[in-house]
Amino acid sequence: MKETVLEVKDLVTTFKSADGPLPAVRGASFSVKKGETLCIVGESGCGKSITALSIMGLLPSNGMIADGSIFFNQKNLAEMSPKQMQKVRGNDVSMIFQEPMTALNPVFTVGFQIREPLMIHLKLSKKQAHMRGIELLKMVGIPSPVERMNQFPHELSGGMRQRVMIAIALSCNPSLLIADEPTTALDVTIQAQIIDLLNDLKEQLDMSMIMITHDMGVVAEIADRVIVMYAGEIIEEGRVEEIYENPQHPYTKGLLASVPNVDDPEFDLKPIVGSMPMLNEQISGCRFHPRCPFAFDKCMEKSPETFQVTDKQNVRCWLQEEGVEQNGGRRASSL
Ligand SMILES: Nc1ncnc2c1ncn2[C@@H]1O[C@H](COP(=O)(O)OP(=O)(O)OP(=O)(O)O)[C@@H](O)[C@H]1O
Ligand SMILES: [Mg+2]
């Protein structure tokens, strides 16, 4: 059994508001093993980025970890000071963001930005950092890396900028890389190249990866395991094959049904009806019940327990409870 690199337990992350703290992540628990790729999927606003930023210690100033633990290599990141977290970010855990233009500083050259973490965290000299920077640019597939070191971000294409960001993220040999929608700002063909690059680098460097994405095609290509989030909660988790071939939660089924099928042009897209609740919206029982075609009385009254489907797949849904089908669940109507 591979060792666990990251163990998030009962994570609650809240934002300050006039009405008191509003939870954006509501008791999320999951783990990542060495060498594994975990994908986090779910609609916009479900809490994917806030989960990632909680791990990184990079929450916006009005956000905080209100409860739970984040163990990384046996240390609880949730209890670390900003200074300690800065060290973790430089050395052990890195993140790639959605928009490479905002993540790179427009006034400094690529070389400056890639040398800096190497000099600070790995204590390399400027010359050593420069050489390592060139190697890193080569590793992420940037042509003419020596010349690129002297260029500014605006002189590069979007795809090249994202490659630079990946090079910077990998500069201190992290054991965990978090990629938050790393390709949404890019053209489709470039997107595929970046995903392939990340996948190759993960294998080559024996890293673990958390990939946050809307794109179920990307998930199918790179995930070992998948967690599905809805309104701040993890509602289903499983191996990628389990999630695709035997999804259990009506929301997961809905997500998969809303993915276009290139092999079948007749395929009827079925978006999930309705929208996700706002953070301040009070919903009794299961937070998905107002949108769920199978909801029955219990779903409106009680928050679902977690039911184990296989050793790796579990789901938070009352339909899993024994006897529900016979006892009036509306499961017969098809999604
Ligand atoms: N600084 C903030 N202050 C208050 N609420 C916030 C803040 N940042 C995010 N939120 C709220 O937290 C919730 C989760 O946001 P998050 O960014 O994690 O969503 P997401 O799943 O990453 O969505 P997307 O797919 O659009 O990136 C949303 O309701 C969002 O409005
Ligand atoms: Mg996000």
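Start at 1 and go down the list; that is how both ligands and their atoms are numbered. All figures in this text were calculated on a predicted structure; none of them were measured in a lab. All values below were derived from every heavy atom in this structure, side-chain atoms included, with hydrogens, water molecules and symmetry-related copies excluded.
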Measuring from the heavy atoms of Gly47, does anything fall under 4.0 Å of ligand 1?
-> yes

Just jot down the ligand 1 atoms closer than 4.0 angstrom to any heavy atom of Ala24, in number order.
-> 12 (O), 13 (C)

Protein heavy atom under 4.0 angstrom of atom 26 (O) of ligand 1, is there one?
-> yes

Could you see which bit of Met278 sits under 4.0 Å from ligand 1, with heavy atoms only: side chain, backbone, both or neither?
-> neither

Tell me, which protein residue and heavy-atom name are nearest atom 5 (N) of ligand 1, and how many Å apart are they?
-> Phe15 CD1, 3.5 Å

Heavy atoms from other residues, nucleotides or ligands near NZ of Lys9 exceed 12 (cutoff 6.0 Å) | no

What is the closest protein heavy atom to atom 17 (O) of ligand 1, and at what distance does it sit?
-> Ser49 CB, 3.7 Å

Shortest protein contact, atom 13 (C) of ligand 1 (heavy atom only) = Gly45 O, 3.7 Å

Check ligand 1 against Pro60 and write out every atom of the ligand that is under 4.0 Å from a heavy-atom position of the residue.
-> 1 (N)

Applying a strict 4.0 Å limit to heavy atoms, is Met276 in contact with ligand 1?
-> no

Test: Arg26 and Asp10 ion pair at under 4.0 Å | no

From the list Ile210, Asn73, Leu177, Val88, side chain to side chain contact (heavy atoms under 4.5 Å, CB included) with Val93 holds only for Val88

Protein non-hydrogen atom found under 4.0 Å from atom 30 (C) of ligand 1 = no

Looking only at heavy atoms, is any part of Asn62 under 4.0 Å from ligand 1, and if so is it the side chain, the backbone, or both, or is it neither?
-> side chain

Short N-O contact, Arg225 and Glu242, less than 4.0 angstrom = no

For the pair Tyr251 and His249, name the ring-plane relationship: parallel under 30°, tilted 30 to 60°, perpendicular over 60°.
-> perpendicular

NZ/NE/NH1/NH2 to OD/OE distance under 4.0 Å, Glu236 and Arg316 = no

Can you tell which part of Leu279 has a heavy atom less than 4.0 Å from ligand 1: side chain, backbone, both or neither?
-> side chain

First locate atom CE of Met209, then atom CD1 of Ile222, and finally report the distance between them rounded to the nearest 0.5 Å.
-> 4.0 Å

Which residue and heavy atom of the protein sit nearest atom 24 (P) of ligand 1, plus the separation = Ser44 OG, 3.6 Å

Flag if over 12 foreign heavy atoms under 6.0 Å of CD, Gln74 | no

For His214, atoms of ligand 1 separated by under 4.0 Å from a heavy atom = 25 (O)

How far is atom 15 (O) of ligand 1 from its nearest protein heavy atom, and which residue and atom is that?
-> Ile50 CG1, 3.6 Å

Taking only Lys NZ, Arg NE, NH1 and NH2, and the carboxylate oxygens of Asp or Glu, determine whether Glu135 and Lys138 approach each other closer than 4.0 Å.
-> no

Heavy atoms of Ser54 and Leu59 approach each other most closely as OG-CD2, 3.7 Å

Which atom pair, heavy atoms only, marks the closest approach of Ala223 to Val240?
-> O-CG1, 3.3 Å

Would you say Ser49 reaches the Mg ion (ligand 2) with an N/O/S atom under 2.8 Å?
-> yes

Could you list the atoms of ligand 1 found under 4.0 angstrom from a heavy atom of Glu181?
-> 25 (O)

